[in-house]
Amino acid sequence: MTNLTWHDHRLTRHQRASRKNQQPCLLWFTGLSGSGKSTIANALDVALHERGYHTFLLDGDNVRHGLNRDLGFSEEDRVENIRRIGEVSKLFTDAGLIVLSAFISPFSSDRLLVRNLFPEGEFIEVFMSTPLEVCEERDPKGLYRKARAGEIRQFTGIDSPYEAPDRPEIAIDTGTLSVDECIESIISYLSHNHILKSV
Ligand code: ADP
């Protein structure tokens with residue numbers, strides 16, 4: 001690190017964002033497996049794109065196939081997984097984009113680490129508060145069944161803890177809200193907080 005110099009860009013993040021005519025932010029979806037992070041982040045991505053916003057979606061499995069394919073599921077690697085995703089999200093917001101990240105991210109300390117990379121108001125924690133029973137009943141990838149059978153160890157919600165956020169900017173229970181209602185609720189938050197233009 002000693003011979004590295006931080007280069008300030010001639011173009012600022014503000015200039016990049018204003019060229020896109022938008023306020024960049026990171027929407028950080030956190031919640032149990034099957035709580036709806038991926039479904040809602042994808043639907044919101046489409047909804048924002050259709051409204052003319054410039055967005056980018058980072059999704060758990062996809063990142064593990066590329067950028068983080070050298071990482072496993074040890075505690076150290078899970079922390080590093082989230083750290084790298086935070087740094088990449090930061091670069092994308094510096095580029096002026098609205099970033100959506102969907103990762104279980106069960107530990108408050110890891111989420112705080114990412115939050116601290118961002119200016120006040122730019123990190124928006126979206127807690128998928130869908131109860132474990134609903135997630136397990138859905139079991140979209142069959143992972144809960146495997147975890148209950150002992151075929152997967154350290155599975156969040158079963159034999160590894162999920163630390164729910166204390167004060168998320170947005171909380172959504174997909175067990176009681178439809179996909180459209182979830183999107184509406186997030187868009188309404190973003191409009192109220194002047195991240196999206198009011199319609
Ligand atoms: P995660 O990314 O949190 O693991 P997914 O989005 O992959 O969760 O899975 C959620 C599952 O729940 C999907 O199969 C989805 O179709 C289903 N589902 C049912 N109702 C809803 C809802 N209101 N919002 C989001 N997902 C829902």
Side-chain angles (χ1 to χ4, degrees), residues 25-51 55-69 71-73 75 77-79 81-86 88-89 92 98-108 110-112 114-115 123-149 151-166 168-190:
C25 67
L26 168 60
L27 287 149
W28 186 272
F29 289 80
T30 171
L32 296 168
S33 178
S35 60
K37 299 179 298 296
S38 200
T39 304
I40 300 303
N42 269 283
L44 181 64
D45 194 27
V46 172
L48 293 177
H49 182 81
E50 283 172 350
R51 285 168 168 77
T55 61
F56 194 73
L57 173 67
L58 287 162
D59 197 324
D61 289 348
N62 300 355
V63 171
R64 278 198 176 269
H65 281 127
L67 176 69
N68 290 354
R69 71 176 182 201
L71 299 178
F73 290 88
E75 190 165 340
D77 280 5
R78 283 183 185 211
V79 174
N81 184 44
I82 299 300
R83 191 194 68 79
R84 285 189 201 169
I85 292 158
V88 168
S89 301
F92 281 126
I98 294 174
V99 181
L100 303 94
S101 299
F103 301 91
I104 297 175
S105 47
F107 300 111
S108 305
D110 299 345
R111 298 191 301 262
L112 184 62
V114 179
R115 183 185 282 274
F123 177 90
I124 298 161
E125 196 168 32
V126 186
F127 171 39
M128 308 308 278
S129 63
T130 317
L132 175 64
E133 306 77 65
V134 176
C135 300
E136 192 165 358
E137 170 74 28
R138 287 177 180 164
D139 206 5
K141 298 176 200 154
L143 298 176
Y144 284 99
R145 196 186 48 72
K146 285 188 183 166
R148 290 285 184 201
E151 290 165 30
I152 307 176
R153 300 263 175 219
Q154 300 271 285
F155 193 74
T156 303
I158 305 300
D159 55 357
S160 185
Y162 176 80
E163 299 172 0
D166 288 334
E169 276 72 13
I170 304 173
I172 288 192
D173 177 356
T174 65
T176 56
L177 295 179
S178 69
V179 173
D180 284 349
E181 287 169 330
C182 295
I183 299 309
E184 220 170 274
S185 150
I186 300 173
I187 287 186
S188 148
Y189 174 92
L190 296 174

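Counting starts at 1 for both ligands and their atoms, following the listed order. Quick caveat, the model's predicted, so the values are computed rather than measured.
In this structure a side-chain-to-backbone donor-acceptor pair under 3.5 Å is missing from Thr130 to Cys135. The closest donor-acceptor contact from the side chain of Ser89 to the backbone of Ile85 lies under 3.5 Å. With hydrogens and angles ignored, the 3.5 Å screen pairs no side-chain donor or acceptor of Ser160 with any backbone N or O of Phe155. At distances below 3.5 Å, at least one donor-acceptor pair connects side-chain atoms of Arg64 with backbone N or O atoms of Gly72. Of the possible donor and acceptor atoms, none in the side chain of Glu163 sits under 3.5 Å from a partner among the backbone N and O of Phe107. Checking side-chain atoms of Asp139 against main-chain N and O of Tyr144 turns up a donor-acceptor pair under 3.5 Å.
Heavy-atom proximity to Thr174, at under 4.0 Å, picks out these atoms of ligand 1: 22 (C), 23 (N), 24 (N), 25 (C). Every atom of ligand 1 is numbered from 1 in the order shown, and the set under 4.0 Å from a heavy atom of Ile40 is 24 (N), 25 (C). Contact atoms of ligand 1 toward Pro140: 9 (O), 14 (O) (distance under 4.0 Å to a heavy atom of the residue). The atoms of ligand 1 that sit less than 4.0 Å from any heavy atom of Leu177 are 22 (C), 23 (N). Interface of Ser178 with ligand 1, defined as ligand atoms under 4.0 Å from a residue heavy atom, comprises 23 (N). Short contacts between ligand 1 and Leu32, defined as distances under 4.0 Å to a heavy atom of the residue, involve ligand atoms 3 (O).
Note: an N/O pair closer than 3.5 Å links Ser35 and ligand 1 by distance alone. Distances between N or O atoms of Cys182 and those of ligand 1 include no value under 3.5 Å. Looking at Gly34 next to ligand 1, an N or O pair under 3.5 Å apart turns up.
Within the 4.0 Å heavy-atom shell around ligand 1 one does not find Gly31. Residue Asn42 places no heavy atom under 4.0 Å from ligand 1. Distances from ligand 1 to the non-hydrogen atoms of Ser33 include at least one value under 4.0 Å.
The protein atom (non-hydrogen) at minimum distance from atom 8 (O) of ligand 1 is Gly36 N, 3.1 Å. Given atom 3 (O) of ligand 1, the protein heavy atom at minimum distance is Lys37 NZ, 2.7 Å. Nearest protein neighbour of atom 7 (O) of ligand 1, counting heavy atoms only, is Ser38 CB, 3.8 Å.
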Report task. Output, in order, the C-alpha distance, side-chain angles, deciding distance and verdict of side-chain contact (heavy atoms from CB on, under 4.5 Å) for Tyr162 and Thr30. Result -> CA-CA 10 Å; Tyr162 176 80; Thr30 171; 2.7 Å; yes

Query - side-chain contact (heavy atoms from CB on, under 4.5 Å) between Met128 and Phe29, worked out - result: CA-CA 7 Å; Met128 308 308 278; Phe29 289 80; 3.9 Å; yes

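Leu32 and Ser35 make their closest contact through O-OG, 2.6 Å (heavy atoms, listed as atom of the first residue, atom of the second, distance).
For atom 5 (P) of ligand 1, the choice among Leu143, Asp139, Thr30, Thr39 with the nearest heavy atom turns out to be Thr39.
With contacts defined as side-chain heavy-atom distances shorter than 4.5 Å, the pair Leu44/Val126 does not qualify.
Residue-level proximity to ligand 1 for Arg138 is carried by the side chain, the only part with a heavy atom below 4.0 angstrom.
Between the side chains of Asp59 and Ser38, at least one donor N or O sits under 3.5 Å from an acceptor N or O.
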